[in-house]
Structures are given as structure tokens and as C-alpha cells.
Number of protein chains: 2
Amino acid sequence: MPTIPPHEDEPRTCRLCSVRSNGICRVLDTSQLARLARHTRSTRHEAGAEVFGDETDITTYANVVSGVIKLMKVLEDGRQQVVGLKFANDFIGRIHAASNALSAEATSEVELCLVPRALMEAMLEENRPLERWLMKETLRELDEAREWMVTLGRKSAAERVASFLYLIALHVNPELGSDTATVEYDLPLTRSDMADFLGLSIETVSRQLTELRRLEIIVIHNKRHVHIPDTERLRQRAG
Amino acid sequence: MPTIPPHEDEPRTCRLCSVRSNGICRVLDTSQLARLARHTRSTRHEAGAEVFGDETDITTYANVVSGVIKLMKVLEDGRQQVVGLKFANDFIGRIHAASNALSAEATSEVELCLVPRALMEAMLEENRPLERWLMKETLRELDEAREWMVTLGRKSAAERVASFLYLIALHVNPELGSDTATVEYDLPLTRSDMADFLGLSIETVSRQLTELRRLEIIVIHNKRHVHIPDTERLRQRAG
DNA sequence: GGCGGCATTTGACCTATGTCATCAAATGCG
DNA sequence: CGCATTTGATGACATAGGTCAAATGCCGCC
């Protein structure tokens, strides 16, 4: 990851922000960045807080600075499904949206950088690289969604839970090849959120975690902290 | 749907093609269309034929002229999941793809209009509306994928089958509101394909169809022809 | 340090859906 | 025209995962 060197004209707030080097701001030049920075607003949400509602008109887009956001769809009778997770540097919001019919909630303490809708759309007009960056992001989201469709449609509970743990492991260490490696992290989701992501019940998630622990594929401390001694074993269990 | 009037300079092959008025060609002006038409190639595939392979490098993109294509993902052990369906006027292919890890097969007799990759990418460079059209298409695909994640993750077999039948009904008649309406069509998928789309076994699909027939929500002739006397009842069953 | 409230785990039980086997109907082929 | 092949329907049975209830562990708070 080549880090863009700090620059005199760069807005102070952006200097240490990873979105600058790894997120949307990466494709902006200094003057564009300055313009953007003049209109962005930073917000913080605690775990569980709703960030965008199901019905709310979209008046701002957002970039995740830190923390994790879950995108959810809810059926009338209350059943819900997490349809996407957003991590640091990810962009949130549907361009040209009529309605997204989708809500966004923080699953952990989250820091966002909000971009007014009008500005974002104006910049997209003018900035071809920005538009292209967004296209790539969207395609990545589509790939992820389809990958997850396989998990939801065809994998067993054991495979789903392993797939999820592996997914997070990949986020912590994107270089996980098929080599043995060790990863350790705090789960960004509660059991309930995991269940909603995996299309399972809380109890099944819990039982599968217990089973993974019994097999010593993972070690869990304090409910949330996961240690994976051998990511390859986990990956095999993920189907 | 405003149909673009035929034009003297318009390539002859495109005159009667619905992609011209409803698909990608809609955002092209006459000269661009002419250029494109000089390099496209029409192909035909029978039901079951593989159109793009899992591993094949993408050398062409395609537009569906008629028929239906299923996009599939396959796990090592052979389990498979349909992750998308492409109907007439839909565009197939992942721009900027490293690999899509996804195969495309005809589920019915299919007619495609192939566009060489290099040309498509060149046109995207020059043609802003084209790029934007593709972005919208991609977002639509993403919405569809997420909608389907809810179906796969949270709906019962009965709801899934109803959802599928309703999905096709919507394709036949996009104006289906919440009013009572009648729709009739031929299923574009075999029971096996439906099962792979719905994350169910063939038998379960078959049984659910039988149940829908028993409830007189649908009438089936010759295995494939479906008549839906009241789409609203079907929608309610779809969850 | 004890208490109340959550999140999680565990257990017992039940049901929806998968699996396997058979049958029936439709389709293609000589 | 009849046989073989494919596709779909149905029945019997097995089981993964859901549901409901209870136990446990953890945390902040008084």
C-alpha cells in the first residue's frame, strides 16, 4: 500500500486519515481534497446505533474512518438479513439511488466522514478517476454479495461460521494465502449480528463456535477475542 | 419505454433489436452505434450450453438479445449456486475484471450480441453516458443480489419458490403493483436450475410447486407453463 | 461485594428440508 | 410405433438446524 506523502496544502484533518491513502480520497488531487474537506463532517456512533434508516432520503454519503457498519434488510415480519459489512475506508451510499431500502447500523464504535450528497455528485461529474474508483468499489461489493449468496444458499452452518471467521481474518490480514498463518482479532459483531449475516439462529452460531473451539481451530477469550492458530484449517472448514 | 425511431444511418442488424431501445445501445448516438455494430458478432446457444467458463479470460462482453442466462458459482465439491439471471437487454461481463470466478450458461435458447472487450473498454473511455449506464446496471445487479441474499438467508422453501415465480412475473409484466393481476409465462429454468437459484433441493422445489398448485395460486401446464390468476396472492406467499 | 440485566451457552425437543428410491410423463430416436 | 432417456413428482426416512427454556458468565452499578 503506497502511502501518499503528506503535503503542505493538505487539509489538516485529512493528514492522518487512512481514507486519504486507502479510501476514496486516494483518487483526489490536493485541490479537490481541499474542496471536499471544507464540506465533510465527522460523526461518531456507538455500537448498535442506526446510521441510515430504511426509508430516510439519502442526503449524505459516508466513508468509514474506523469501526464496522452492517447493512441490513428487514422483512415486514421482522426477520432480518445483513447484506453487507463496511470496514474502515469503505464508502457507504447508493449513487443515483431512488431508494436503497436498506438500513445501516454501527456494530461497533464507528467514526464516519460524511459527504453531502450534492457535493459528491458534483465531484463525480467532474472527476473521472473518482467515478471509476466508485465503479470498482461497486463491482467489489457485487462480487462479495455473490460470494455470500453461495454461502447462504449452499453451505452448512459449520461452513458458514467458518467462512465468516475467515472473512474477518482476511480483513485483518489481506495477504492470507494458502499458507499456514496465525491471526487474532476482536469480533466486530455480536452473536446476533453474526446470525443475521449467516442466515442462522443465534444458538446455531454459538454451537458452531463451541465446536470450532473444541476442534482447536479457534481459541476465544472473553466472548469476543478470537485467535486462529492456523488459518488454513479454518479455510478448509469453510467449504 | 420510448422507442428510438429508426434512423437512416442505423446499422440494419440493429433496427429491430430490442437492445437498441432498451439495452446498452440506448445510450449510443448513431455514429457510435455504427462503430459498435461493425465489431459485434451474433451468437446463438441452446439450453444448457456454457457461454462463458469459470476460468476463461474475458475477451468479449455480451448483450442478451433473447433468452435467459444463469450466472453460477460452483464449490470444489460440486455444490452450485445461481447468483444471477440475465434476461433480454441485459449486459454480461465484469468490467476491469481480474477474474470473475463465475460461469454463464444458457437456461433456454439464447441469442447474444458479442462485443469485443477492447472496443467496449475504448468506448467506455470516450463515452460518459455509456459509463454511467453501466454504473446504473451494476447498481441494479447489486440491489438484486442483496434482495436475493434475504431470500436465501431468511425465507422458507415455500416463500423462496413463491419469490422466484413472482420475480419472473415481474419480468414479464414490470408494472405489477399491489393490484390483482394475471400473468402467464413459460418458466425459463428447469427444476434443477430453480433449486440452484433458490438454495434448495430439486425435490423441495417440486413439492412447493405442487403445494402452490393445490392452493390454486398457480396453474401449471406441461411442466413449464405457469399461469398466475392473482399475482397479489403469490406476492403475499413470497414473504 | 452483592445485585440486576444482558449476552452467550447449553440442553431437549421438534420440524422443515435434504436424501434416496421409485414412479410417471414427456421427449427424442431408430 | 415402441424403446430409451430425460425431467419431474411423490413417498419414506434421516437429520441439520430452529425453537423454547434454563443455566451460566460477565459487566456496570449501587
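Proteins get letters first, then strands, A, B, ... in listed order; numbering begins at 1 in each. This one's a predicted model, so the numbers in the text were calculated from it and none came from an experiment.
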Please step through side-chain hydrogen bond (donor to acceptor under 3.5 Å, both in side chains) for the pair B/Asp193 and B/Thr107, ending with a clear verdict. CA-CA 8 Å; B/Asp193 286 337; B/Thr107 67; 5.3 Å; no
Looking only at side-chain atoms of [X], point me to the closest of [options].
X: B/Leu200; options: C/dA26, C/dT9, C/dT17; answer: C/dT17
X: B/Ser156; options: C/dT17, D/dT19, C/dA25; answer: C/dT17
X: A/Ser201; options: C/dT19, D/dT19, C/dT9; answer: D/dT19
X: B/Lys223; options: D/dA9, D/dT10, D/dC20; answer: D/dA9

Qualifying residue, where the test is side chain to side chain contact (heavy atoms under 4.5 Å, CB included) with A/Phe164 and the options are A/Leu200, A/Thr151, A/Leu187: A/Leu187
End axis versus end axis in the helix from C/dG1-D/dC30 to C/dG30-D/dC1, the angle rounded to 10°, five pairs used at each terminus: 30°
Assess the residue pair A/Leu176 and A/Val183 against the criterion (side chain to side chain contact (heavy atoms under 4.5 Å, CB included)); give the C-alpha distance rounded to whole Å, side-chain angles, the decisive distance to 0.1 Å, and a yes or no. CA-CA 9 Å; A/Leu176 283 185; A/Val183 178; 4.1 Å; yes
Between [N] ([atom2]) and [X] ([atom1]): distance, integer Å:
X: B/Asp193; N: D/dT7; atom1: CG; atom2: P; value: 10 Å
X: A/Ile220; N: C/dA7; atom1: CD1; atom2: C1'; value: 13 Å
X: B/Ile202; N: D/dT6; atom1: CD1; atom2: P; value: 14 Å
X: A/Asp196; N: D/dG18; atom1: CG; atom2: P; value: 12 Å
X: B/Arg154; N: D/dG17; atom1: CZ; atom2: P; value: 13 Å
X: A/Leu152; N: D/dG17; atom1: CG; atom2: C1'; value: 15 Å
X: A/Leu212; N: C/dT10; atom1: CG; atom2: P; value: 13 Å
X: B/His221; N: C/dA26; atom1: NE2; atom2: C1'; value: 15 Å

Within the 3.5 Å criterion, strictly below it, is a donor on B/His225 or B/Glu184 matched to an acceptor on the partner's side chain? yes
Would you tell me whether A/Thr180 and A/Glu232 have side-chain atoms, one donor and one acceptor, within less than 3.5 Å of each other? no
Would you check, one step at a time, whether the test side chain to side chain contact (heavy atoms under 4.5 Å, CB included) holds for A/Leu167 with A/Glu147? CA-CA 11 Å; A/Leu167 177 83; A/Glu147 192 59 53; over 6 Å; no
Which part of the nucleic acid does B/Gly48 contact within heavy-atom distance under 4.0 Å: base, sugar-phosphate only, or nothing? nothing
For A/Asp77, I'd like to know if atom CG has over 12 heavy atoms of other residues, nucleotides or ligands within 6.0 Å. yes
Look up atom CZ in A/Arg20 and atom SG in A/Cys14, then write down how far apart they are to the nearest 0.5 Å. 7.0 Å
Please list, in numerical order, the residues of residues 204-211 of chain A that have a heavy atom closer than 4.0 Å to any atom of DNA chain C. A/Ser206, A/Arg207, A/Thr210
One thing to verify: whether A/Glu109 and A/Arg44 come together as a salt bridge, which I'm taking to mean a side-chain N less than 4.0 angstrom from a carboxylate O. yes
